[in-house]
Amino acid sequence: MKKRLHKWRLFALLGIVGLVLSGCGEPFLSALKPAGDVAQSQFDLLILSTLIMVLVIIVVLILFVVVLLRFRRKKGDETIPKQIEGSHKLEIIWTVIPILLLIVLAVPTVVTTFDLADTKAMDKKDKDGKTKDALVVNVRANLYWWEFEYPDLGIVTSQDLVVPTDQKVYFNLTASDVKHSFWIPAAGGKMDTNTDGVNKFYLQFDSKKAEDSNNLFYGKCAELCGPSHALMDFKVVPKAKSDFEAWAKDMKSVKEPVVEGDAAKQGEAVFNKSCIGCHAVTPNDSRPEAARQAPNLATFGERQKIAGVLDHTEANLKNWIKDPEKYKPGNTMTGTYGELSDSDIDALAAYLLQLKVEEK
Amino acid sequence: MANEQSNSANPNVDLKYRRKKNAEEMKHQVVTFVLMIFFTVISFIAVAMEDFSHWFIKPVILLLAVIQVVFQLYYFMHMKNKGHGTIALFLFSGLAVGLITVLTFLTIVWL
Amino acid sequence: MSTYANKKGFGATIWDYLTTVDHKKIAILYLISGGLFFVIGGLEAMFIRIQLAIPNNDFVSAGFYNEILTMHGTTMIFLAAMPLVFAVMNAVVPLQIGARDVAFPFLNSLGFWLFFFGGVFLNLSWFLGGAPDAGWTSYASLSMHSAGHGIDFYVLGLQLSGFGTLIAGINFLVTIINMRTPGMTYMRMPLFTWSTFVVSALILFAFPPLTVGLVLMMFDRMFGANFFDVAAGGNTIIWEHLFWIFGHPEVYILILPAFGIFSEIFATFSRKRLFGYSSMVFATVLIGFLGFMVWAHHMFTTGLGPIANAIFAVATMAIAVPTGIKIFNWIFTMWGGSVKFTVPMLYAVAFIPSFTMGGVTGIMNASAPADYQFHDSYFVVAHFHYVIVGGVVLGLLAGITFYWPKMFGTMLNEKLGQITFWTFLIGFHLTFFIQHFLGLMGMPRRVFTFLDNQGLNTGNMISTVGAFLMAIGVLVMVINIIITSFKNEKVGNDPWGDGRTIEWAIPSPPPFYNFKQLPLVRGLDAYWVEKMEGKKEMTPAEPLGDIHMPNSSFLPVTIAFGLFVAAFGALYHMDDKSWTLPIIIVGLLITFGSMLIRSVKDDHGYHIHKEDLMDDKDKGGKA
Amino acid sequence: MHADEKFTDATWPAAPEKATLEGKNKYLGFWLFLGGETVLFASLFATYLALKDKVPNGEAALAKDLFELPLTFVATMLLLTSSLTSVYAMYHMKNNHFKQMQAWLVLTIALGFAFLALEIYEFNHYVHEFHHTFTSSAFGSAFYTLVGFHGGHVAFGLMWFISLMVRNARRGLNLYNAPKFYIASLYWHFIDVVWVFIFTVVYLMGMVG
Ligand code: HEA
Ligand code: HEA
Ligand code: CUA
Ligand SMILES: [Cu+2]
């Protein structure tokens with residue numbers, strides 16, 4: 001009977017570990033489906049520590065079950081058990097074994113900590129001040145939107161982060177208003193974007209894994225930053241190195257947005273009156289950070305989502321422009337551009353949806 | 001510490017002895033005080049001279065401050081006397097927590 | 001609730017409680033208000049779970065969710081768990097060491113009222129323009145940015161109740177150091193007293209950093225200082241450090257008393273002395289000590305650099321060792337014992353696997369690079385509810401059930417207790433186990449909603465169902481308390497039958513002066529020692545004599561109330577209202593005036609005379 | 001034994017502050033409180049050190065612009081001396097010399113007030129000469145908070161001494177108030193301890209750069 005019980009518990013626990021090992025959740029979001037070296041090394045630590053912990057739990061459970069089965073008091077039993085003070089031998093055992101287990105975890109922990117903090121490549125600059133052989137992205141977190149600047153390429157974009165696969169991508173992280181945290185679960189752990197200074201780290205995106213998730217990863221803000229913290233999502237578009245370079249070239253070549261059709265032209269006019277103060281429509285926005293108060297819309301037509309969370313449809317776009325507050329409470333766009341008529345909004349939508357860089 | 005009996009059988013003999021001891025202790029206190037003033041003056045002079053490197057001055061005046069504080073605690077506040085074990089334990093634990101805090105704020109506050 | 005209190009009218013009883021300095025009544029005050037705040041915090045938790053039951057829910061709005069979330073954490077930690085811990089400490093510790101009362105009965109009462117007014121102040125925010133909404137950690141950049149007065153309520157409310165806690169900590173330290181009955185050496189103290197001792201030391205050193213942090217935040221928000229204003233040279237990381245230098249010891253402040261309670265319960269219901277008593281004491285002290293070295297494990301992703309992260313990671317892991325020692329000692333206390341499954345023992349038994357699971361995920365968090373993934377995700381939410389609910393809350397439920405007869409002279413119903421136990425335990429695992437996976441699957445914490453099609457729906461639904469089970473458990477407990485109080489069947493000194501420590505040697509509830517004669521302690525588990533020699537009572541350590549008692553006083557209420565009033569002035573000061581300064585002054589006058597009265601008016605207490613004590617044949621017991 | 005019983009020199013105990021359980025409790029409790037205060041001031045020092053000279057722009061005053069040796073020196077001497085005078089007061093307390101104790105305490109209080117006056121002058125000077133205010137920079141906030149907290153402690157200590165002296169002026173020493181005088185003087189020493197670090201860390205090290 002006792003034996004069967006142990007077995008049953010063992011199987012249940014193995015089942016749980018199995019669940020972890022096989023990984024659950026969606027490949028574009030889950031930390032259990034690592035999509036790059038960084039995530040993988042963290043996942044390995046997760047598995048190692050889980051195994052240790054399951055071992056600990058099993059030992060505790062076995063002792064626990066034995067005690068509960070063997071030493072219950074029978075009805076009317078008035079015997080007084082022997083009063084034992086303790087046992088040095090046992091106590092040494094359960095001091096030393098945990099220490100050993102912890103060393104097994106501590107060593108890879110320390111090694112990985114230093115590995116993941118290695119951003120020396122960012123400091124190697126060539127004579128123009130460009131980073132020599134690393135791709136650097138400056139991430140700036142703002143109340144509910146993300147800006148991605150490629151300083152060496154002279155490109156600014158927002159909301160959708162485009163990265164090359166199979167190489168290390170280095171990030172400078174900062175925030176312009178309150179603290180946020182930059183997290184792409186599938187690609188690796190998070191790093192805070194502080195208002196006080198710049199944090200550096202790197203991630204890596206595996207091309208095969210990227211395909212599994214349709215070349216799209218979800219990114220999240222992982223630090224409470226206000227009412228719409230839950231909605232401060234962004235998307236990551238991994239591209240093969242050559243595609244990435246093509247994309248960068250396209251981006252750089254955009255001078256002025258060119259749109260077609262009356263509606264779009266009219267929209268452009270409205271936009272230039274009401275919106276251009278905050279939103280730029282070209283990727284080479286050379287204004288200082290403080291002036292860049294809103295997402296860069298140069299690639300808006302190719303976005304995955306509107307404002308990070310709404311599906312990319314014309315109807316949603318109009319709804320958004322009409323009343324952003326309804327979709328993202330506390331956002332900083334609300335109430336900054338006066339009343340717009342319905343036709344203005346239609347026109348704006350037509351204009352915005354044509355803002356594309358690649359699919360011309 | 002539990003039951004310090006303060007009065008002995010013969011109060012008058014005891015009194016004289018106690019007076020003497022108190023006076024002696026007071027003398028120590030004055031000496032302590034003079035030393036403290038001396039250390040303070042050294043610290044101020046060292047800074048006033050302006051021709052030591054701050055790598056040298058800072059540790060020195062900190063050390064002098066620590067010595068002074070030890071004087072205050074052990075002489076003025078009587079921690080040298082018996083029965084202050086518990087107190088010392090708690091005070092030094094407090095100091096330890098405080099020191100780690102200061103150390104942290106000097107090293108890892110600015111990212 | 002001695003005889004004469006029962007004969008008094010309702011008003012007189014209220015007045016009695018308002019002015020009491022008796023540790024047993026203060027324990028009841030802490031119990032009632034802590035229990036009330038626990039239900040409030042629990043209701044907030046239910047709102048959280050209802051909102052998150054399905055994707056894109058709009059049960060509550062985004063801003064309101066943040067207020068609920070913040071108040072849930074803050075209320076549970078500061079206004080529910082801490083006071084409930086204090087309730088048990090006040091009820092038990094003086095009895096366990098054979099003291100007449102705590103060292104400073106007046107301050108004990110003051111501590112309670114400061115906590116109480118602080119808690120009320122914090123919760124008034126709901127009605128005065130919005131509760132705090134920056135999380136219970138109130139990180140500086142967001143809390144500076146937060147509009148309205150919510151954060152100000154947080155700052156001032158916690159400041160008030162924090163003073164109360166600090167006072168209580170010092171009080172217990174002095175009580176335990178100075179007021180042990182003859183024979184009660186340190187190494188004969190029951191483990192609950194030991195953990196109170198260590199916890200009080202933690203309070204003494206952990207609360208000042210919080211005080212400073214709150215002062216800085218108050219100065220920034222209300223008086224224009226620049227500590228956290230980066231543009232003026234400030235730095236927000238300072239807040240994070242100050243908060244966690246306090247915050248990590250705080251979690252041990254919560255768990256160690258629970259450990260103490262369980263130690264008593266395991267020994268009692270196994271009829272066996274605690275296995276490895278001295279290593280248990282050592283482990284408790286060590287946990288307290290290490291608790292101050294690890295706070296930065298909450299800040300692994302802040303960007304402190306690999307050296308700091310590595311050091312703090314390894315230091316954090318070290319805590320597994322003393323905690324493990326405790327877990328195994330408990331198991332081996334039962335080993336070879338005669339285990340009886342009363343309700344408190346059920347909680348104690350369930351605690352072992354539950355807490356272990358929470359503890360080991362803590363160690364997983366401590367692995368810094370892995371924590372880059374876990375941090376601020378539901379994995380962490382799962383971790384800390386496992387340790388808090390599976391440790392602290394189970395401990396409090398166990399302790400309250402265990403000591404209920406000692407506090408009120410009547411036993412809670414066992415059947416209902418078992419129902420509470422099972423619903424709560426199952427609900428608890430259902431709610432929080434799945435959250436580990438939610439976190440790993442990419443769900444950040446503190447989100448008011450989540451989108452569909454991210455694979456997070458089922459898990460959240462299960463979690464909500466579990467929360468409802470927990471609520472049922474708590475409801476049954478409330479019903480149990482009501483029924484028991486009405487029936488009020490009186491019990492004797494040692495209603496569990498297996499009491500080991502000296503609090504079980506006197507009537508339940510004890511007379512207001514506790515021990516008529518201080519008992520002589522002749523070993524660990526002193527009452528058990530006497531019982532084994534066939535005695536029913538403790539051997540007295542002194543002849544019967546007059547007992548010195550402190551006077552009741554209303555001043556603690558006025559001192560605390562004055563600060564409460566002043567806090568309103570400070571809170572609205574930033575709005576440039578003309579009445580704020582007078583309000584601050586009036587409040588401080590009330591406080592300092594009361595303090596002056598206290599220090600100028602001699603209060604020597606009174607004596608119960610020997611003759612009265614002799615007449616008073618164990619009246620508390622039969623009342 | 002009643003706490004307010006009258007004593008002769010001979011019956012007056014050697015350690016009157018710890019002769020009753022109440023006194024012993026107060027004495028220990030107060031020391032523990034000082035342990036907590038240590039952490040409190042350490043946190044304030046830490047904050048000050050982290051924010052020292054952190055200012056919004058080049059015009060804001062820095063530590064080395066502000067401080068002057070003579071002023072700090074005088075203030076230091078005043079406070080250190082007041083520590084000695086309070087030791088004298090406790091010496092007489094132990095000898096059951098109430099009058100002398102009061103006299104030394106008066107001196108202590110006078111020195112304390114002088115110190116406080118200097119500090120107020122100093123703050124005033126910084127505000128008017130350097131526009132260095134509580135709100136002008138993070139450095140300003142940290143400086144005034146740390147030094148001001150200490151000043152607040154001095155002020156509170158003075159009030160404490162005064163109310164004790166006034167309250168007990170007529171009835172002399174007994175075992176009820178002896179512990180009160182004693183812990184007030186402990187508090188005063190603690191204030192001095194903190195000042196030693198303030199003048200060293202804030203002023204002297206601030207001037208060194
Ligand atoms: C009662 C409360 C309590 C307790 C007891 C603990 C106990 C522990 N906690 Fe937990 N923790 C919290 C409450 C608590 N925690 C809270 C509230 C938060 C979140 C705060 C917030 O952000 O809002 C948090 C967050 C938190 C983090 C930060 C996570 C993050 O935000 O990224 C970390 C990281 O290291 C951590 C670690 C630990 C560790 C190592 C322990 C250890 O003490 C556990 C030790 C116990 C065991 C390990 C089990 C028994 C041991 C054995 C059976 C021996 C053998 C074991 C091994 C060899 C492993 N905790
Ligand atoms: C002591 C601490 C404590 C306790 C006991 C609990 C208990 C519970 N907690 Fe809480 N929790 C925290 C401390 C605690 N929590 C902290 C610190 C946070 C972090 C906050 C932050 O991020 O800032 C948090 C956050 C937190 C979250 C994450 C929210 C988020 O990140 O968005 C969730 C979500 O599930 C949650 C759920 C619960 C639940 C279901 C319970 C349940 O166990 C509650 C059970 C109790 C009840 C259900 C009582 C209800 C009673 C009744 C209904 C009785 C009926 C009424 C009458 C008779 C009048 N908690
Ligand atoms: Cu940005 Cu959360
Ligand atoms: Cu912690």
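Chain naming here is simple, since letters A, B, ... match the order of the sequence lines and numbering starts at 1 in each. Hydrogens, waters and symmetry mates are skipped; everything else that's a heavy atom, side chains included, is used.
- At a threshold of 4.5 Å between non-hydrogen side-chain atoms, the residues A/Asp233 and C/Leu451 count as touching.
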(request) Dump the intermediate steps for side-chain contact (heavy atoms from CB on, under 4.5 Å) on C/Tyr372 and A/Gln42, then the final yes or no. (result) CA-CA 8 Å; C/Tyr372 301 163; A/Gln42 290 162 343; 3.4 Å; yes
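- Heavy-atom minimum distance, C/Phe275 versus A/Ile84: CE1-CG2, 4.0 Å.
- The heavy-atom pair separating A/Thr109 from C/Pro369 by the smallest distance is O-CG, 3.6 Å.
- When all heavy atoms are compared, the tightest approach of A/Lys190 to C/Asp371 is NZ-O, 4.5 Å.
- Proximity to chain A (any heavy atom under 4.5 Å) is shown, for C/Trp330, by neither the backbone nor the side chain.
- Looking at A/Val60, both its backbone and its side chain come within 4.5 Å of chain C, counting heavy atoms on both sides.
- In this structure, the portion of A/Lys82 lying under 4.5 Å from any heavy atom of chain C is its backbone and not its side chain.
- Looking at heavy atoms from C-beta onward, A/Leu143 lies in side-chain contact with C/His145 at the 4.5 angstrom threshold.
- The side-chain heavy atoms of A/Leu102 and C/Met317, taken from C-beta on, include a pair separated by under 4.5 Å.
- Within the 4.5 angstrom heavy-atom criterion, atoms from both the backbone and the side chain of C/Ile307 approach chain A.
- Side-chain atoms of A/Thr113 and C/Asn309 form no donor-acceptor pair, as typed in the model, at a separation below 3.5 Å.
- Using a 4.5 Å cut-off between heavy atoms, A/Val309 touches chain C through backbone and side chain atoms alike.
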(message) Pair A/Ile80, C/Lys272 - check side-chain contact (heavy atoms from CB on, under 4.5 Å), show working.
(response) CA-CA 8 Å; A/Ile80 301 296; C/Lys272 203 160 150 278; over 6 Å; no
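- Here A/Thr95 is the residue among A/Leu48, A/Leu173, A/Val59, A/Thr95 with the most heavy-atom pairs under 4.5 Å with chain C.
- Within a 6.0 Å sphere centred on NZ of A/Lys305, heavy atoms belonging to other residues, nucleotides or ligands number more than 12.
- Residue C/Ala147 does not touch chain A at all, counting heavy-atom pairs closer than 4.5 Å.
- There is no contact between A/Phe201 and chain C, counting heavy-atom distances below 4.5 Å.
- For C/Asn66, the part lying under 4.5 angstrom from a heavy atom of chain A is the side chain only.
- Nearest heavy atoms, C/Arg271 versus A/Thr79: NH1-O, 3.6 Å.
- Shown here for C/Gly442 and A/Pro185, the closest heavy-atom pair between the two residues is CA-CG, 4.1 Å.
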(message) The test is side-chain contact (heavy atoms from CB on, under 4.5 Å); show your working for C/Met334 and A/Phe71 and say whether it passes.
(response) CA-CA 7 Å; C/Met334 291 188 284; A/Phe71 301 108; 5.8 Å; no
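- Contacts of C/Asn453 with chain A are made by backbone atoms alone, with heavy-atom separations under 4.5 Å and no side-chain atom involved.
- Heavy atoms closer than 4.5 Å to chain A are found nowhere in C/Met299, neither backbone nor side chain.
- Listed here is the closest heavy atom pair of A/Pro81 and C/Gly336: CB-O, 3.4 Å.
- Remark: of the listed residues A/Ile52, A/Leu105, A/Thr50, A/Thr50 is the sole one forming a side-chain contact (heavy atoms from CB on, under 4.5 Å) with C/Met364.
- Between chain A and the residues C/Gly337, C/Ala267, C/Gly359, C/Gly455, the most heavy-atom pairs under 4.5 angstrom are made by C/Gly337.
- Ranking C/Thr449, C/Ile352, C/Val349 against chain A, the residue ahead of the rest is C/Val349, based on heavy-atom pairs under 4.5 Å.
- C/His375 has its side chain out of reach of A/Trp183: every pair of non-hydrogen atoms, C-beta onward, lies at least 4.5 Å apart.
- Among C/Thr236, C/Leu69, C/Val314, the residue making the largest number of heavy-atom pairs under 4.5 Å with chain A is C/Thr236.
- The shortest side-chain heavy-atom distance between A/Tyr218 and C/Gln454 falls under the 4.5 Å cut-off.
- Ranked by non-hydrogen atom pairs under 4.5 Å with chain A, the options C/Pro444, C/Gly305, C/Gly459 are led by C/Pro444.
- A donor-acceptor pair under 3.5 Å is formed between the side chain of A/Asn199 and the backbone N or O of C/Thr302.
- If you measure heavy-atom distances from C/Ala313 to chain A, the contacts under 4.5 Å come from the side chain alone.
- Both the backbone and the side chain of C/Phe328 come within contact range of chain A, each with at least one heavy atom under 4.5 Å from a heavy atom of that chain.
- At most 12 non-hydrogen atoms from other residues, nucleotides or ligands lie less than 6.0 angstrom from CZ of C/Phe282.
- Considering CG of A/Asp196 and OG of C/Ser141, their distance stands at 8.0 Å, rounded to 0.5 Å.
- Heavy atoms of A/Leu224 lying under 4.5 Å from chain C belong to its backbone as well as its side chain.
- Only the side chain of A/Leu90 comes within less than 4.5 Å of a heavy atom in chain C; its backbone stays farther off.
- Panel note: side chain C/Ser338, backbone A/Arg73; no donor-acceptor pair is recorded below 3.5 Å.
- Counting non-hydrogen atoms of neighbouring residues, nucleotides and ligands closer than 6.0 angstrom, the CD atom of A/Glu325 exceeds 12 such neighbours.
- Salt bridge absent: A/Lys220 and C/Asp376 never bring a charged side-chain N and a carboxylate O closer than 4.0 Å.
- The shortest side-chain heavy-atom distance between A/Arg72 and C/Phe341 falls under the 4.5 Å cut-off.
- Of the atoms belonging to A/Glu91, it is side-chain heavy atoms, and not backbone ones, that fall under 4.5 Å from chain C.
- The ring of A/Trp94 has its center closer than 6.0 angstrom to the ring center of C/Phe332.
- Listed options A/Pro98, A/Gly188, A/Ser181 were ranked by heavy-atom pairs under 4.5 angstrom with chain C; first place goes to A/Gly188.
- Note on C/Pro353, C/Ala366, C/Ala368, C/Ala370: by heavy-atom pairs under 4.5 Å with chain A, the leading option is C/Pro353.
- Remark: C/Arg445 does not engage A/Glu223 in a salt bridge, criterion side-chain N to carboxylate O under 4.0 Å.
- When C/Ala310, C/Ser367, C/Gly63 are compared by the number of non-hydrogen pairs under 4.5 Å with chain A, C/Ser367 comes out ahead.
- With respect to chain C, the highest number of heavy-atom pairs below 4.5 Å among A/Lys200, A/Glu85, A/His88, A/Met191 belongs to A/Glu85.
- C/Ile363 touches chain A through backbone and side chain together, each having a heavy atom under 4.5 Å away.
- With A/Gln83 contributing its side chain and C/Arg273 its backbone, the two residues share a donor-acceptor pair below 3.5 Å.
- Residue C/Ser146: no heavy atom, backbone or side chain, is found under 4.5 Å from chain A.
- Taken from CE in C/Met443 to OG in A/Ser30, the straight-line distance is 13.5 Å, to the nearest 0.5 Å.
- For the set A/Asp115, A/Leu63, A/Leu116, the entry with the most heavy-atom pairs within less than 4.5 Å of chain C is A/Leu63.
- Considering only heavy atoms from C-beta on, C/Val447 comes within 4.5 Å of A/His229 through its side chain.
- Contact annotation: the side chain of C/Thr356 never approaches that of A/Phe64 to less than 4.5 Å [non-hydrogen atoms, C-beta and beyond].
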